[in-house]
Amino acid sequence: MATCWPEPIVSVQSLSQTGVPTVPNRYVKPAHQRPVFNTTQSDAGIEIPVLDMNDVWGKPEGLRLVRSACEEWGFFQMVNHGVTHSLMERVRGAWREFFELPLEEKRKYANSPDTYEGYGSRLGVVKDAKLDWSDYFFLNYLPSSIRNPSKWPSQPPKIRELIEKYGEEVRKLCERLTETLSESLGLKPNKLMQALGGGDKVGASLRTNFYPKCPQPQLTLGLSSHSDPGGITILLPDEKVAGLQVRRGDGWVTIKSVPNALIVNIGDQLQILSNGIYKSVEHQVIVNSGMERVSLAFFYNPRSDIPVGPIEELVTENRPALYKPIRFDEYRSLIRQKGPCGKNQVDSLLLTRL
Ligand code: OGA
Ligand code: NI
């Protein structure tokens with residue numbers, strides 16, 4: 001794989017801070033990809049499900065709620081998820097402070113397309129691609145053997161400790177959620193974890209996204225339409241600024257986040273493992289001219305060196321295996337070359353064209 005970006009990296013935050021009155025051409029999306037701000041769906045008040053996890057954990061009715069959210073939306077919000085609210089606020093605050101540091105300080109952590117670890121401003125190595133209006137910081141978190149402390153920011157002072165504490169709480173939440181998702185598919189509670197490669201072997205990474213103010217938000221996107229490549233994603237959204245949109249038919253629904261909620265979504269690997277019963281739904285991020293936005297995406301992934309294919313019990317005569325197995329490291333490297341591109345990658349594994 002390439003070791004450098006195809007063009008010099010421009011920090012979108014610095015660009016935004018220069019006060020440019022128009023969006024440079026590199027960020028102007030073709031007309032059919034530009035955002036729609038007030039879709040009919042969101043006007044009609046359609047929203048992704050909100051689940052109170054106290055009504056879900058260990059309750060048969062809860063499993064049905066999870067199943068219908070995953071089948072119908074691929075997304076849901078969780079309240080009473082067990083992650084400490086003040087920790088959520090502090091870790092998001094620490095990242096906000098990180099992005100406020102001078103560019104020279106952040107550049108010390110500049111990332112490359114090999115591992116993505118560190119501070120970056122583009123996804124994918126396709127030359128002349130239209131870029132997204134955001135910067136990010138990407139860290140490997142699990143298995144702990146791949147953690148690289150020299151890639152973790154050291155400013156603001158508390159940030160490393162906060163990342164670690166937050167990561168631990170979210171990891172536990174993902175383990176619990178994996179059992180619930182397994183049962184919601186009619187499988188034994190530990191089946192899905194086994195298929196992901198086992199509790200101490202799964203992978204996880206954290207991407208903090210920073211969406212600067214944008215002079216012409218109608219022409220660009222903070223993050224282009226994509227589905228998440230991994231297992232499940234736990235998103236800590238900005239507490240004040242909305243921006244995440246989820247595909248609903250031909251349109252998009254803007255998520256209104258509930259205070260202290262975490263947003264869960266199904267990734268491509270879970271779509272594959274569930275043999276298409278659960279969908280990794282496309283989503284994108286819109287930006288705005290008045291407020292910057294910060295979000296933390298925790299990606300919980302299968303062990304990277306085993307083939308991931310549909311779980312045997314979910315393959316039947318009426319529902320033959322839909323996807324060919326692939327190792328997650330291979331899958332991820334394909335995604336990393338192209339950057340966000342809708343659902344093309346998972347669709348390319350389909351055995352029968354639907
Ligand atoms: C992502 C993502 C959404 C957001 O990082 O994959 O979809 O609201 N983020 O930042
Ligand atoms: Ni995503």
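In listed order, ligands and their atoms are each counted from 1. All figures in this text were calculated on a predicted structure; none of them were measured in a lab.
Distances below 4.0 Å separate heavy atoms of Phe299 from the following atoms of ligand 1: 5 (O), 6 (O). Shown in contact with Asn209 at under 4.0 Å from a heavy atom are these atoms of ligand 1, numbered in order with element: 5 (O), 9 (N), 10 (O). The ligand atoms of ligand 1 that sit less than 4.0 angstrom from a heavy atom of His226 are 1 (C), 2 (C), 6 (O), 7 (O). Short contacts between ligand 1 and Leu244, defined as distances under 4.0 Å to a heavy atom of the residue, involve ligand atoms 3 (C), 8 (O). Close approach of ligand 1 to Ser295 (heavy-atom distance below 4.0 Å) involves ligand atoms 4 (C), 8 (O), 10 (O).
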(request) Please test Asp132 against Lys29 for salt bridge (charged side-chain N to carboxylate O under 4.0 Å, His left out), starting from the C-alpha separation and ending with a verdict. (result) CA-CA 9 Å; Asp132 289 340; Lys29 304 287 177 186; 2.7 Å; yes
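A donor and an acceptor atom, one from each side chain of Asn209 and Ser134, are nowhere located under 3.5 Å apart.
Looking at Asp228 and the Ni ion (ligand 2) together, the shortest N, O or S contact belongs to OD1. Its N, O or S atom nearest to the Ni ion (ligand 2) is what matters here, and for His226 that atom is NE2.
Looking at Lys172 and Glu169, no side-chain N of the basic residue comes within less than 4.0 Å of a carboxylate O on the acidic one, giving no salt bridge. We find that Lys165 and Glu161 are joined by a salt bridge, their nearest charged nitrogen and carboxylate oxygen being less than 4.0 Å apart.
A tilted orientation is assigned to the rings of Phe99 and Tyr119, their planes being inclined by 30° to 60°. Below 30°, between 30° and 60°, or above 60°: for Phe137 and Trp95 the angle between ring planes is between 30° and 60°, a tilted geometry.
Contacts between Thr233 and ligand 1, counted as non-hydrogen atom pairs separated by less than 4.0 Å, are absent for every part of the residue.
For atom 8 (O) of ligand 1, the nearest non-hydrogen atom from the set Arg207, Arg293, Gln245 comes from Arg293.
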